[in-house]
Amino acid sequence: MHTEVELAGTDGTTRDDGGVFDGLTEAQARAVRHTEGPLLVLAGPGSGKTRVITRRVAHLVRCGIPPWQILALTFTNKAAAEMRQRVLGLLGEGAAARGLTVTTFHALCARLLRRWADVAGLPGLKPDFAIFDSADQAALMKKTIEGLNLSTGNWPPRSVLARIGEAKNDLQDAEAFAARQHDFAGRTVAKIYRAYQNALRAAGGADFDDLLVLTAKMLRENAAVRRACRERWQYLLIDEYQDTNRAQFVIASLLAGDGRDGRPPNICAVGDPDQSIYGWRGADISNILDFEKAFPGAEVIALGENFRSTRTIIDAADAMIRRNTRRRHKTLFTGNPRGERIDAVSCRDEHHEARVVLEWLRARRAEGLAWKDMAVFYRTNALSRVVEDELRDAGVPYVVARGTAYFQREEIKNAVAYLRVVANPADDVSLDRVVNTPARGIGDATLEKLRTVAADRGAPLFDVLRDLASGGAASLGVALTARAQNAVTKFVRTIDNWRDAAKPGAFMGADTPGDYETGALAELVERVVRESGLEAMYRAGRTETDEERLANLAELVTSAREFEETFDPGADPVLTDPRAAAAGERRTPPDVLTMLHAYLERVTLVADADSVDPAQGAVTLMTLHAAKGLEFGAVAMVGLEERILPHARVAEMPDELEEERRLCFVGITRAMKRLLMTDARYRSFRGVAERQIASRFLAELPPDLVRHTDQSGEEFGAGVGALERPDPTGASARAVGKPARARAGGRALAEGALVRHPQFGVGRVESVTTGQGARARIRFRDVGVKTLVLEYARLEMIDEG
DNA sequence: CACTCATTCCTTTTT
DNA sequence: GGAATGAGTG
């Protein structure tokens, strides 16, 4: 990266020793200068937070602190990468920063656990544990609930997981949780909690929450581990401190110490209580509100001056956020010009809203702003689709910030599941996914028998498969066809072959002394993609999506290669001795299995926000949550309606209103120059148009700062959206889109007709049903056959056929 | 055992 | 509007 350019361009600084203080305000400089003892930096939006953090790290190093004694923690990989990049820019890429640890909470915990799990007395957790993401968690939870003969209808896996997650964030293990439950529902959840943890450990897994909880437990209960960590990291810096939960607070406190050993807690927490938006995930805003209670004698520095936005935007944001009660007073102000008023437009429905947003963005473009300097924010992901359609139809380039999307794709999940089984054959969840994908004759009936054996033995399923492969069905006491047995044997061989290839000291099956060769991991990934049959499976399909899938699999190999190339054992907090790393000493190179673990860790811990890349020349679409920490010249916020922002949940949980207001505050303060906020009078949820009320937050903005136009009564362009335009009265909205006969674009639809779908493109109708919920089966030229509900599918008639 | 078709449910936000 | 699940057929 061009760190030098960036450095000179944004700061005007040089590499001179005094450079770290150049261009800083008095308050910023104080925060940089403070090195010993607890420090809390209350950094308002656009107050130069990142700059302060990076300068502070550079200053510490300049003061003679060895870089490997510094630990900087963030919440996202992107934030970590950015911070590292900027620090390196200040210090130079060379040895000056070697050993500096900049990472996320979750990644740090994963590493610490791998390093010490077996010595720290964490029952059942093996160092090669797999990290279970939310999809894995849900799958395992479903199995667990069914295993207890409970119904997933009464005990929805997602809500049970949410409850257990809350308990975990509060550091209650299954026993502690059980002790607090007195009613039937609570006791049942406690039972599920215990069973879930057992299943998780049996599968050699740890979920996201476990990473934090177990690390907190380990640091608390194991003095040796605690000492080792404290010895290594003497200076602790935590970004977005307002988002820390109880477990993270405990980890931070234990790493910082309480000063009783004669060393002051050198913890620097940076954050803004007004931007705390992860309360639902267990983040505890009291951590930052009561920082001085936890760390007596802490210095507190408020950065209230905003360098990002116009005065209008800052004044509006400040007026709104002042209504919150749970906050630390901090006046927002800016020396920037007043700028334009905020645009607020009331629209007729979501399609009209999308059109309004499009035209507004075009106007900004006409004023000379680049697409990449514009963004659209929304409260829920579901709101993005209509905007996407509009931008796509208009030919406006856009990207949706969905970093996890790539790894959620079926083909990638499959390939990753194979890799996870290679890394850890006990991972039953991943094994379930791949054992018969692609179909290889190991069907449900066969698996059911083998699962029973595994359950009886209390062993992972793969062990049973392996025994079957070597000893035959009779040895397990089950009856299986020879065909099934052969299929299993072949599968086990395949997996074991890969494992052998990845074993320490082995290189693609052959023993290779000496260094780890870059490319070995990518080669393993490539082999898995090919030999698993996944490649052949997607190659067999000839549709465009199959081609896309093949391309994605190829991309996975590339990503593994890139990972290898950028992997730096010296930067790893626990793999190598930091002093040795700092001295540039060569260490034992990692084996392929170690690399595989590290790679899977990386793959599992990606977040949506990680994928935001403003370098592309496109409008960025994202949730308000993902927007935190970013800035754009022009921002459009859609869906400013009651039950959306603030979210409907507030009706039941009034306490959450303040967090919704903070979310709105975060959105507003991302805008540098121009801001548009829209609401729609009618909006469709699950296909039903509902009457909407403008958000109370709009009314909280000082009227003189806003230019409001009400277009909700106006007519707008007919055409594509005509079918589902709701009736203005709302009462008969459903009737409008439900003609007795199947129609598209107002014309009768019959077999053989040629139609266009806004997303799927051109297709021919194969069959059609009439009446309530009329559907048409359409063969699309590009995406294959789809069955669409005519009421919702915005079909355009090309030829009646 | 694999594939196709129909029904159900869905909706916060994410490491 | 669509994904995920479940029933039924070849």
Side-chain angles (χ1 to χ4, degrees), chain A residues 73-80 103-110 131-135 137-139 142 152-153 156 158 162 165 169 207-212 240 243-245 247-248 277-283 377-383 385-386 389 401-404 408 410 436-447 481 483-484 487 601 604-610 622-628 639 643-650 653 656 659-660 662-663 666-667 684-688 724 757-760 767 769 773 775 777 785-794:
Chain A
L73 291 175
T74 64
F75 277 82
T76 66
N77 292 308
K78 182 166 169 272
T103 186
T104 67
F105 261 106
H106 286 86
L108 175 77
C109 290
I131 300 172
F132 275 39
D133 67 15
S134 24
Q137 282 183 55
K142 188 162 167 282
T152 47
R158 294 204 64 83
N169 283 326
D207 62 25
F208 286 143
D209 297 325
D210 283 343
L211 295 178
L212 303 177
E240 306 285 9
D243 290 331
T244 50
N245 63 23
Q248 285 158 331
I277 54 175
Y278 287 106
W280 52 272
R281 206 170 72 190
F377 300 157
Y378 33 82
R379 175 67 233 265
T380 64
N381 277 310
L383 298 183
R385 216 196 64 247
V386 187
D389 290 347
R402 236 184 262 123
T404 49
Q408 307 286 22
E410 176 194 304
N436 201 31
T437 311
R440 53 169 65 88
I442 309 177
D444 285 341
T446 308
L447 279 174
T481 62
R483 207 173 113 206
E601 208 162 86
T604 313
L605 296 175
V606 288
D608 281 1
D610 291 342
M622 67 182 104
T623 64
L624 284 163
H625 284 87
K628 193 168 60 144
R643 305 174 61 79
I644 293 179
L645 183 67
H647 191 265
R649 239 186 106 103
V650 167
M653 320 223 61
E656 292 182 12
E659 181 152 316
E660 295 291 314
R662 291 193 291 265
L663 201 46
V666 165
S684 295
F685 294 96
R686 295 184 241 142
V688 182
E724 66 173 349
H757 183 274
Q759 260 173 286
F760 302 143
S767 65
T769 65
R775 289 155 206 264
R777 214 177 122 80
V785 178
K786 300 224 177 246
T787 302
L788 303 174
V789 178
L790 293 174
E791 187 186 347
Y792 306 122
R794 287 171 292 143

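Reminder, nothing fancy here: chain letters follow the sequence lines and each chain counts from 1.
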Phosphate contact ([N] OP1 or OP2) by [X] side-chain N/O below 4.0 Å:
X	N	answer
A/Thr76	B/dT14	no
A/Thr446	B/dC1	yes
A/Asn381	B/dT11	no

message = By nearest atom, which of the nucleotides C/dG1, B/dA2, B/dT14 is closest to the A/Trp280 side chain?
response = B/dT14
query = How many angstroms lie between atom CG of A/Leu645 and atom CG of A/Leu663, to the nearest 0.5 angstrom?
reply =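 The CG atom of A/Leu645 sits 6.0 Å away from the CG atom of A/Leu663.
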A/Gln248 CD to A/Phe105 CZ distance, which is reported to the nearest 0.5 Å =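 Those atoms lie 5.0 Å apart.
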request  = Take the protein atom CG of A/Leu645 and the nucleotide atom C1' of B/dT11, then report the distance between them rounded to whole Å.
outcome  =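 That distance rounds to 15 Å.
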ask   = Can you tell me how far C1' of B/dT14 sits from NE2 of A/His106, to the nearest Å?
value =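 Nearest whole value for this atom pair: 9 Å.
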query = What interatomic distance, in whole Å, is found between C1' of C/dG6 and the corresponding atom of B/dT11?
reply = 22 Å
note = Shortest non-hydrogen pair, A/Thr104 vs A/Asn77, comes out as CG2-N, 3.5 Å
ask   = Is the backbone N or O of A/Leu624 less than 3.5 Å from a side-chain atom of A/Tyr378, with the two atoms forming a donor-acceptor pair by type?
value = no
task = Name the nucleic acid region contacted by A/Asn436, choosing base, sugar-phosphate or nothing; use a 4.0 angstrom heavy-atom cut-off, strictly under.
result = sugar-phosphate
